[in-house]
Amino acid sequence: MALLGTVGVAALLPARGAAADVADAGATGAVALLFFLYGARLSARETLDGLRHWRLHLTVLGCTFLLFPLLGLAARGLVPTLLTPPLYAGLLFLCLVPSTIQSSIAFTSIARGNVPAAICAGSFSSLAGIALTPLLAAALLGADAGGFSPGSLAGIVVQLLLPFLLGQVLRRRIAAFLARHKKVLGLVDRGSILLVVYTAFSAGMAAGIWHQVSLPRLGALLLVEAVLLAVMLLVSWYGAGRLGFDRADRIAIQFAGAKKSLAAGLPMASVLFGAQASLAVLPLMLFHQMQLMVCAALARHRARDADRDPEREADGDADRDPEQDADRDPDPAPAPAVPQRAPGHVAEVSPTPQHPAARAR
């Protein structure tokens, strides 16, 4: 709702002239602050501890930075029938953005998946995205993303890389402060993202963005993104199963490998696309809302499956009959305890009951 409200404010009251310059400077500072906080929050120790799940992390990275871009390149055939070239550039950029961290952890936890693996997978994806997203954007989008010009390269280093590294260096010193002010810093995160959105869409209003995107084009974009999300959810789930991962790992792979980070993508788009960032971030904003709604429903579905048959879900044994456990006899009653006697005590022996015929003999 905040994102939609910010877009509405930018449509009604866009920043122009000196106000636009102030908003641009504020957005630049917000991007640097955002990546500084990313660096200060990512624990290098947790990341190194997660290396033992290297197959899982490689699978998530493959989904995020290999399969997603391939699907994005395949969507080029939809231009200009369904998508305009600017919308396609935004869709392709969406496919290059790293995965989420917070929502991947939340959905994995709800679905009873491997939460530590989701934490490490999201962290690895964010770390890799600092370098891979700009490089892939420059290689696949070319001039649409600024290419490898000195200005764009300097912007990436100054606004993204250096603040992130500074946050990593100062993490130990400011970790306690960040923990004490977690709620306030969460508002800073959201405020920074909203400022970037406002600046991007204000520039879009000045460039006539809504004259470039019609309602049928928006509908076509939503349809294409729905298909993209469905394909990635299916491939990440069943592909992880074919690779031999258990249920908990498959859940972490699905939620970390099929989603994209709006928090990381918006600042990168503002640096890479400049004045064209408004159209570039529109597909990412729509995909972000869609993935949250779909993955929330999917996580609840996975949790219900675990509640119905927890052992089957945990073991991944599809041939097991759920009624077998119900048909088993209950555990036998424990044998009566033999009373302990003091040393030297002779216990009385009661006569053993016999059949009447035996007694007669």
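None of the values given here were measured: they were computed from a predicted structure. Values below: every heavy atom of this structure, side chains too, minus hydrogens, waters and symmetry copies.
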**OP:** Give the C-alpha distance, both sets of side-chain angles, the deciding distance and a yes or no for side chain to side chain contact (heavy atoms under 4.5 Å, CB included) between C120 and H57.
**Re:** CA-CA 8 Å; C120 293; H57 303 317; 3.4 Å; yes
Subject >> Flag side-chain contact, heavy atom, 4.5 Å: M232 against C63 >> reply: yes
Original post:
Rounded to the nearest 0.5 Å, what separation is found between the CG atom of L67 and the CG atom of L61?
Top reply: 13.0 Å
**OP:** Look up atom CZ in F65 and atom SG in C95, then write down how far apart they are to the nearest 0.5 Å.
**Re:** 12.0 Å
Donor-acceptor pairs under 3.5 Å, side chain of residues 75-91 to any protein atom, not counting sequence neighbours: which ones?
{"unit_1": "T84", "atom_1": "OG1", "unit_2": "L87", "atom_2": "N", "d": "3.4"}
{"unit_1": "Y88", "atom_1": "OH", "unit_2": "G72", "atom_2": "O", "d": "3.0"}

**OP:** Measure from the side-chain N and O atoms of Q291 to the backbone N and O of L229, and report whether any donor-acceptor pair falls under 3.5 Å.
**Re:** no
Original post:
For L73 and L92, which heavy atoms make the closest approach, and how far apart are they?
Top reply: N-CD1, 4.0 Å
Original post:
What about L195 and M285, same hydrophobic cluster or not, with Ile/Leu/Val/Met/Phe/Trp/Tyr joined at side-chain heavy-atom distances under 4.5 Å?
Top reply: no
Original post:
If every non-hydrogen atom of A40 is compared with every non-hydrogen atom of L178, which pair is closest and at what distance?
Top reply: CB-CD1, 3.5 Å
**OP:** Could you please spell out the steps behind the side chain to side chain contact (heavy atoms under 4.5 Å, CB included) verdict for L56 and F245?
**Re:** CA-CA 8 Å; L56 185 148; F245 291 100; 4.0 Å; yes
Subject >> For the student: nearest non-hydrogen atoms of A32 and P163, plus distance >> reply: O-CB, 3.2 Å
**OP:** May I ask whether L96 and V231 are part of the same hydrophobic cluster, defined by side-chain heavy atoms of I, L, V, M, F, W, Y residues being less than 4.5 angstrom apart, directly or through others?
**Re:** yes
Under 3.5 Å donor-acceptor pairs involving side-chain atoms of residues 13-25, not counting sequence neighbours:
none

Original post:
Which atom names give the shortest non-hydrogen contact between S261 and V97, and what distance separates them?
Top reply: O-CG1, 3.2 Å
Subject >> Rounded distance (nearest 0.5 Å) linking atom CZ of R171 with atom CZ of F36 >> reply: 11.5 Å
Below 3.5 Å, can you tabulate the donor-acceptor pairs from side chains in residues 249-256 to any protein atom, sequence neighbours excluded?
{"unit_1": "D249", "atom_1": "OD1", "unit_2": "N114", "atom_2": "ND2", "d": "2.8"}
{"unit_1": "R250", "atom_1": "NE", "unit_2": "W237", "atom_2": "O", "d": "3.2"}
{"unit_1": "R250", "atom_1": "NH2", "unit_2": "W237", "atom_2": "O", "d": "3.3"}
{"unit_1": "Q254", "atom_1": "OE1", "unit_2": "R302", "atom_2": "NH2", "d": "3.4"}
{"unit_1": "Q254", "atom_1": "NE2", "unit_2": "L233", "atom_2": "O", "d": "3.0"}

Subject >> Sequence-distant partners of H181, ring pair (Phe, Tyr, Trp, His ring centres under 6.0 Å), two or more places apart >> reply: F177
Original post:
Same cluster for V294 and L223 if Ile/Leu/Val/Met/Phe/Trp/Tyr side chains link at under 4.5 Å?
Top reply: no
Subject >> Pairs flagged by ring-ring contact (aromatic ring centres under 6.0 Å, His included) wherever residues 213-234 is involved - sequence neighbours left out >> reply: none
**OP:** Using a 4.5 Å cut-off on heavy atoms from C-beta on, say whether the side chain of F93 contacts that of T133.
**Re:** yes
Original post:
Is there side-chain contact between F124 and V60, with at least one heavy-atom pair below 4.5 Å?
Top reply: no
**OP:** Determine, using the 4.5 Å side-chain heavy-atom cutoff (strictly less than), whether F68 and L243 are members of one ILVMFWY cluster.
**Re:** no
Original post:
So how far is it from S192 OG to L187 CG, rounded to the nearest 0.5 Å?
Top reply: 10.5 Å
Subject >> Residue of the set L262, L286, L228 for which side chain to side chain contact (heavy atoms under 4.5 Å, CB included) holds with L94 >> reply: L228
**OP:** State, with a plain yes or no, whether a side-chain heavy atom of Y198 is found less than 4.5 Å away from one of V9.
**Re:** yes
**OP:** Considering non-hydrogen atoms only, spot the tightest contact between T64 and P69 and give its length.
**Re:** O-CD, 3.6 Å
Original post:
Has the side chain of S109 got a donor or acceptor atom that lies under 3.5 Å from a matching backbone atom of I105?
Top reply: no
**OP:** Could you pull out all residues at least two apart from S104 that satisfy side chain to side chain donor-acceptor pair (under 3.5 Å)?
**Re:** T100, K259
**OP:** Look up atom NE2 in H288 and atom CD in E225, then write down how far apart they are to the nearest 0.5 Å.
**Re:** 12.5 Å
Original post:
Any donor-acceptor pair under 3.5 Å linking the side chain of K260 with the backbone of P98?
Top reply: no
Subject >> Enclosure of L215 CG (heavy-atom neighbours >12, cutoff 6.0 Å) >> reply: no
Original post:
CG of L33 to CG of L37: how many Å apart, nearest 0.5 Å?
Top reply: 4.5 Å
